[in-house]
Amino acid sequence: MEGRRFELIDLPRDSSRPGGRRFGTLVHAVLVGAATVSADDPRLTTRLVRGDNPWRVVLDPYGRLARTRRVFTDGEAPTLVVRAADAPD
C-alpha cells in the first residue's frame with residue numbers, strides 16, 4: 001500500500017449512534033479487537049445512514065471468537081479476521 005495515507009481514529013464508546021454510523025461511510029475500514037467483538041457483538045455497519053459499509057477488520061490473534069458473532073454472520077460488509085499464524089482454525 002505504498003503511497004497511501006492511513007490515519008487511526010479512536011471512536012468513542014457511543015459510536016453506535018447515528019453520528020458514529022455516518023463516520024463509517026467516510027472510512028474504508030473499521031478495526032476492532034476481539035475483546036470488543038466478544039463484549040459488544042457489534043455490527044460495525046452504517047445501517048441507519050446512507051452509504052457504503054466499511055470493511056470490518058477484527059484482530060483475533062488467538063482465534064477465540066465464536067464464528068456466530070454478527071460481524072461474521074450478517075453478510076452486511078466484508079470482514080477480515082487477523083489471527084496469529086499458529087492460531088487454531
* Sidechain-backbone polar pair: T79 side chain, F72 backbone, donor-acceptor under 3.5 Å -> no

* To do: Walk me through it: do L65 and V58 pass the test side-chain contact (heavy atoms from CB on, under 4.5 Å)?
  => CA-CA 10 Å; L65 285 174; V58 179; 3.7 Å; yes

* Identify the two heavy atoms, one from G63 and one from A87, that lie closest to each other, and give their separation to 0.1 Å. => N-CB, 4.1 Å

* Asked: Side chains of L31 and L59: closer than 4.5 Å at any heavy-atom pair?
  -> yes

* To do: Kindly write out the residues that satisfy side-chain hydrogen bond (donor to acceptor under 3.5 Å, both in side chains) with D41, not counting sequence neighbours, or none if the list is empty.
  => none

* **Test item: V71 and V37 side chains (from C-beta on) under 4.5 Å apart, heavy atoms** => yes

* To do: Measure the shortest side-chain to side-chain distance between L44 and P54 over non-hydrogen atoms and say whether it is less than 4.5 angstrom.
  => no

* Got a sec, which pairs hit side-chain hydrogen bond (donor to acceptor under 3.5 Å, both in side chains) with one end in residues 57-78, sequence neighbours left out? -> R56-D74

* State, yes or no, whether a side-chain contact exists between T46 and D52 at a heavy-atom distance under 4.5 Å. => no

